[in-house]
Protein chains: 2
Amino acid sequence: MSDVEPRWLDAEEQATWMALTGVLVRLPAALDAQLQRDAGISHFEYQVLAGLSMTPGRTLRMSELADFAVASLSRLSHTVKRLEKQGWVRRRSDPADGRCTLAILTDTGWDKVVATAPGHVAEVRRLVFEPLTKAQQRQLREAGRRIHHTISPDAAWPGDV
Amino acid sequence: MSDVEPRWLDAEEQATWMALTGVLVRLPAALDAQLQRDAGISHFEYQVLAGLSMTPGRTLRMSELADFAVASLSRLSHTVKRLEKQGWVRRRSDPADGRCTLAILTDTGWDKVVATAPGHVAEVRRLVFEPLTKAQQRQLREAGRRIHHTISPDAAWPGDV
DNA sequence: GCGAATGACTTGACGGTTCAAGTAAAGAGG
DNA sequence: CCTCTTTACTTGAACCGTCAAGTCATTCGC
């Protein structure tokens with residue numbers, strides 16, 4: 001919009017950018033594909049179920065779960081409604097504060113996570129960890145943290161697996 | 001699905017994975033937000049326009065453009081229809097092969113890219129390159145390439161910016 | 001303690017993506 | 001050449017996510 005000549009990316013930067021966008025586009029697609037194929041759920045649905053499975057009581061408030069899964073409350077609400085229809089989650093209003101809704105993982109939902117998690121972790125390991133040396137993993141972690149910190153300096157870490 | 005005890009991620013691996021998913025979720029969202037705010041288009045629409053703007057003749061076959069933007073032909077077809085309605089792209093059947101459709105960037109479309117690119121590049125620079133040292137950029141590039149190569153060993157590089 | 005403001009969702013409509021089916025041109029086989 | 005297959009899309013329906021509005025608790029100011 002301004003008419004100052006912008007600083008374009010040089011050849012090295014372009015190569016870096018393409019490597020990064022390649023991962024940005026294909027890694028989520030690959031993870032979604034594995035979960036869809038083996039468990040019939042999306043990566044986001046898996047994150048919701050996994051998030052609940054990791055808390056004591058297998059229960060979280062919708063807003064806590066939304067933070068964990070990095071989603072809008074609206075998206076989570078629609079998704080939990082679908083998961084509820086499948087019998088994997090149920091909802092009840094929080095006795096401690098009637099404004100809040102608790103999402104609770106059912107036994108069937110727990111079984112679904114137990115059946116799904118190993119395959120998903122194996123895929124993450126295969127696609128992300130196996131191709132990298134320990135040093136590269138450390139470097140990737142540090143670079144990721146810096147980028148993430150620049151985008152949202154405040155935010156806590158998103159959770160997964 | 002198998003009942004072999006899976007190898008879970010250790011603490012370091014989890015930290016790496018969270019750093020990566022943080023970027024995976026937030027960087028595309030941040031780029032989309034900037035483009036939506038400043039130009040009223042999605043990152044994907046920008047990629048389509050940018051892809052056309054970089055070819056001699058500002059023209060590509062739909063399938064070439066789909067490869068470039070890493071999209072299904074169906075997604076591209078719907079998107080180009082919208083871009084056509086905005087007057088940024090037009091389509092005509094390829095005289096050399098009647099099965100193929102050529103997508104052509106109009107002058108208005110070119111102006112749109114020229115107006116949009118600097119701001120977008122600046123955002124990429126701010127979010128990805130400025131937070132990293134040159135060494136980290138190299139490391140990130142190498143890690144990205146390895147992951148990408150594991151997911152699709154064959155594929156050419158996706159293009160952007 | 002009563003009304004207003006805030007917080008925590010839920011809902012419905014809309015827009016974009018995918019998936020399955022359709023169309024039309026080019027090439028292959030007999 | 002005339003069918004059959006393949007290639008390169010296009011289309012419409014279904015599904016998911018977002019955005020704007022609504023609902024219902026709680027809490028804050030007076």
Side-chain angles (χ1 to χ4, degrees), chain A residues 24-26 28-37 40-49 51-52 59-86 89-104, chain B residues 24-26 28-37 39-49 51-52 59-86 88-104:
Chain A
L24 246 45
V25 168
R26 292 187 207 271
L31 295 176
D32 259 326
Q34 180 268 323
L35 282 167
Q36 203 65 59
R37 175 166 43 75
I41 59 178
S42 67
H43 189 234
F44 180 65
E45 291 171 323
Y46 175 76
Q47 297 219 111
V48 169
L49 296 176
L52 290 174
T59 298
L60 278 175
R61 292 184 173 172
M62 291 295 279
S63 39
E64 294 170 329
L65 190 51
D67 279 359
F68 173 85
V70 196
S72 69
L73 226 35
S74 171
R75 180 183 186 187
L76 183 64
S77 182
H78 285 299
T79 299
V80 168
K81 194 197 285 179
R82 290 190 291 268
L83 295 176
E84 213 172 7
K85 212 171 294 175
Q86 298 280 327
V89 174
R90 67 199 166 77
R91 278 186 283 194
R92 44 183 291 238
S93 134
D94 187 342
D97 183 339
R99 289 171 301 183
C100 302
T101 306
L102 298 174
I104 306 163
Chain B
L24 246 45
V25 168
R26 293 188 207 270
L31 296 176
D32 258 326
Q34 180 269 324
L35 282 167
Q36 203 65 59
R37 176 166 43 75
I41 59 179
S42 68
H43 188 233
F44 180 64
E45 291 170 324
Y46 175 76
Q47 297 219 112
V48 170
L49 296 176
L52 290 175
T59 298
L60 279 176
R61 292 185 173 171
M62 291 294 280
S63 40
E64 293 170 329
L65 189 50
D67 279 358
F68 173 85
V70 196
S72 69
L73 226 36
S74 171
R75 181 183 185 187
L76 183 65
S77 182
H78 285 299
T79 299
V80 167
K81 193 196 287 178
R82 291 189 293 269
L83 295 176
E84 212 171 7
K85 211 171 296 175
Q86 298 281 327
W88 293 328
V89 174
R90 68 199 165 78
R91 279 185 282 192
R92 43 182 293 240
S93 134
D94 187 341
D97 183 339
R99 291 170 301 182
C100 301
T101 306
L102 298 175
I104 306 164

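All heavy atoms count here, side chains included; hydrogens, waters and symmetry mates do not. Every chain is numbered from 1, with letters handed out A, B, ... down the list of sequences.
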Base versus backbone protein contacts along nucleotides 7-19 of chain C [heavy-atom cut-off under 4.0 Å; B, S, -]: BSBBBB---SSBB
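Contact annotation: the side chain of A:T101 never approaches that of A:V80 to less than 4.5 Å [non-hydrogen atoms, C-beta and beyond]. With contacts defined as side-chain heavy-atom distances shorter than 4.5 Å, the pair B:W88/B:E45 does not qualify. Contact annotation: the side chain of B:V25 never approaches that of A:P28 to less than 4.5 Å [non-hydrogen atoms, C-beta and beyond]. Side-chain contact between B:L102 and B:L60 is absent, with no heavy-atom pair separated by less than 4.5 Å.
Distance B:R92 CZ to D:dT10 C1': 19 Å, rounded to the nearest Å. D:dA25 atom P lies 14 Å from atom CG of A:D94, rounded to whole Å. Atom CD in A:Q86 sits about 15 Å away from atom C1' in D:dC16, given to the nearest Å.
Partners of A:R61 under the salt bridge (charged side-chain N to carboxylate O under 4.0 Å, His left out) rule, at least two apart in sequence or in another chain, are A:D94.
Distance check, rounded to the nearest 0.5 Å: CG of A:L83 to OH of A:Y46 gives 13.5 Å. Rounding to the nearest 0.5 angstrom, the gap separating the CD atom in B:E84 from the CZ atom in B:R82 is 12.0 Å.
Across its full length, the helix from C:dG1-D:dC30 to C:dG30-D:dC1 shows an angle of 20° between the axes of its 5 terminal pairs at either end, rounded to 10 degrees.
Counted within 6.0 Å of CZ on A:R91, heavy atoms from surrounding residues, nucleotides or ligands total more than 12; the atom is thus considered enclosed.
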